[in-house]
Participant: 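Shown below is the structure under consideration.
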Amino acid sequence: MGSALSSDTTATYLRPTVARAAKILITGHFAVGKTTFVRTLSEIEPLQTEEVMTRAGALVDDLTWVAGKTTTTVAIDFGRRTLSDSLVLYLFGTPGQDRFTHLWDGIARGSLGALVLADTRRLADSFSVVERLEAMGLPYAVAINRFDNSPRYSGQELRHALDLLPETPLVACDARDRASSAHAVIALVDHLLHHQPREHV
Amino acid sequence: MNPAPADGTRTDWNTGRALVRPHVVTGGRGTPSRNTLDHITLITAAREDLTDLGPEQCRLMRVCLGGWLSVAEVAANLRLPTSVTKVLLADLVDSGHITATAPAAPAGIPGEQLLKDVLDGLRALL
Ligand SMILES: Nc1nc2c(ncn2[C@@H]2O[C@H](COP(=O)(O)OP(=O)(O)OP(=O)(O)O)[C@@H](O)[C@H]2O)c(=O)[nH]1
Ligand SMILES: [Mg+2]
């Protein structure tokens with residue numbers, strides 16, 4: 001890492017043929033495995049964006065606001081995976097805790113949908129995450145990230161607990177495993193393709 | 001999480017040195033002239049001459065001269081908040097220094113082709 005004031009040339013550039021970018025949010029409560037998931041699927045070492053919020057929680061996008069307001073920066077991990085010669089997918093590991101509500105407005109803009117990671121040891125912590133996505137109208141799928149000592153429930157029990165719609169995908173995954181993580185994102189995108197209202201182009 | 005000092009300045013954690021305040025970096029301009037720029041807008045340098053550019057814009061241009069990156073990657077590389085980076089970029093887009101791609105899902109509703117291509121790409125990872 002060079003000094004912050006000199007230009008770092010550590011960037012890993014995209015293939016010059018890549019012309020389209022898509023974004024998916026990887027969200028969920030504290031320590032559920034978001035960063036691990038992003039790292040597993042990313043072709044680059046995950047990076048961090050800094051989003052500026054006021055202490056009161058509002059996202060600062062209009063910088064005329066910044067002067068004289070108390071602000072805090074929140075780091076969002078993200079990674080990328082080139083999917084074809086022309087397409088790249090970005091994965092943003094977005095914290096799900098309530099105090100980050102206002103971050104979502106900026107991060108969710110332009111995203112295809114969200115994958116909610118959930119831990120069966122702390123299912124109740126996922127309620128507000130799912131509720132917020134519904135309030136925003138952002139389509140989502142749920143992936144149960146399996147930890148060694150996490151209790152196992154049936155799909156039906158989990159759907160009931162999280163109050164999921166019948167068409168909302170619910171899958172199990174291991175955020176440390178690439179194929180398993182890819183399957184979880186596939187479940188989300190497949191859902192977006194088949195169950196979401198879309199423009200016809 | 002990296003909480004900033006209460007006055008809104010950022011401190012570089014390698015050097016302990018305060019960086020310029022966001023509103024100074026952007027010359028006092030708050031609102032990006034192009035609200036089309038988001039985290040995954042892809043950008044690259046369109047010109048090589050950096051005359052008349054401020055130091056922050058020069059840093060940004062040097063990163064962008066190497067090829068295509070998303071706005072989020074450029075911001076991360078410069079260690080500037082995304083909001084600040086977008087404001088700097090908006091001016092450079094206006095002046096013709098930076099080329100930006102149109103968003104792939106402009107209305108927030110992704111087209112069927114985009115979703116299919118993402119799906120195909122993900123399946124190819126398995
Ligand atoms: N057993 C098991 N451990 C995991 C899995 N995913 C993540 N972990 C571990 O769980 C811990 C938390 O993972 P992170 O990826 O940092 O979680 P996070 O959601 O990014 O956490 P915050 O950003 O702090 O909210 C780490 O020690 C991981 O190694 C998983 O699928 N199985
Ligand atoms: Mg994390």
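All values below were derived from every heavy atom in this structure, side-chain atoms included, with hydrogens, water molecules and symmetry-related copies excluded. Chain naming here is simple, since letters A, B, ... match the order of the sequence lines and numbering starts at 1 in each.
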Participant: Non-hydrogen atoms of chain A under 4.5 Å away: do they reach the side chain of B/L69, the backbone, both or neither?
Facilitator: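 It is both, since atoms from each part get that close.
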
Participant: Side chain, backbone, both or neither: which part of B/S70 has a non-hydrogen atom closer than 4.5 Å to chain A?
Facilitator: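 Looking at B/S70, backbone and side chain both touch chain A.
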
Participant: By a 4.5 Å heavy-atom criterion (distance strictly below it), what part of A/A19 contacts chain B: side chain, backbone, both, or neither?
Facilitator: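 A/A19 touches chain B through backbone heavy atoms alone.
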
Participant: Taking B/D120, B/L42, B/T44, B/L60 one by one, which has the highest count of heavy-atom pairs under 4.5 Å against chain A?
Facilitator: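 Result: the option with the highest number of such pairs is B/L42.
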
Participant: With side-chain contact (heavy atoms from CB on, under 4.5 Å) as the criterion, how do A/R80 and A/L14 come out once you've worked through the C-alpha distance, each side chain's angles and the decisive distance to 0.1 Å?
Facilitator: CA-CA 10 Å; A/R80 76 166 200 233; A/L14 292 161; 3.5 Å; yes

Participant: Just give me the residue among A/L47, A/L41, A/I44, A/V18 that pairs up with chain B most often, heavy atom to heavy atom, under 4.5 Å.
Facilitator: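 Among A/L47, A/L41, A/I44, A/V18, the one with the most close pairs to chain B is A/L47.
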
Participant: side-chain contact (heavy atoms from CB on, under 4.5 Å), that's the test. Do A/L115 and A/F37 meet it? Break it down for me.
Facilitator: CA-CA 10 Å; A/L115 184 68; A/F37 192 100; 3.4 Å; yes

Participant: Check the angle between the aromatic planes of A/F78 and A/F92 and answer parallel, tilted or perpendicular using the 30° and 60° thresholds.
Facilitator: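 Because their plane-to-plane angle is under 30°, the rings of A/F78 and A/F92 count as parallel.
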
Participant: Below 4.5 Å from any heavy atom of chain B, which atoms of A/I186 appear? Answer side chain, backbone, both or neither.
Facilitator: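 Contact with chain B is through both the backbone and side chain of A/I186.
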
Participant: When you look at B/D117 and B/Q113, which way does the side chain to side chain donor-acceptor pair (under 3.5 Å) test go after all the steps?
Facilitator: CA-CA 6 Å; B/D117 292 347; B/Q113 194 57 53; 3.0 Å; yes

Participant: Is B/R123 salt-bridged to A/D190, cutoff N-O under 4.0 Å?
Facilitator: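 Salt bridge: yes.
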
Participant: In terms of heavy-atom proximity below 4.5 Å to chain A, should B/I40 be classed as side chain, backbone, both, or neither?
Facilitator: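 Both parts, backbone and side chain.
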
Participant: Evaluate side-chain contact (heavy atoms from CB on, under 4.5 Å) for A/V189 paired with A/I24, printing each intermediate quantity in order.
Facilitator: CA-CA 9 Å; A/V189 180; A/I24 284 175; 3.9 Å; yes

Participant: In sequence, state the C-alpha distance, the side-chain angles, and the governing distance for B/T41 and B/L89, and then conclude on side-chain contact (heavy atoms from CB on, under 4.5 Å).
Facilitator: CA-CA 11 Å; B/T41 305; B/L89 277 169; over 6 Å; no

Participant: Counting only non-hydrogen atoms closer than 4.5 Å, does A/T82 touch chain B with its backbone (N, CA, C, O), its side chain (CB onward), both, or neither?
Facilitator: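 No part of A/T82 comes within 4.5 Å of chain B.
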
Participant: Taking B/A124, B/G121, B/G66, B/A75 one by one, which has the highest count of heavy-atom pairs under 4.5 Å against chain A?
Facilitator: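 Heavy-atom pair counts peak at B/G66.
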
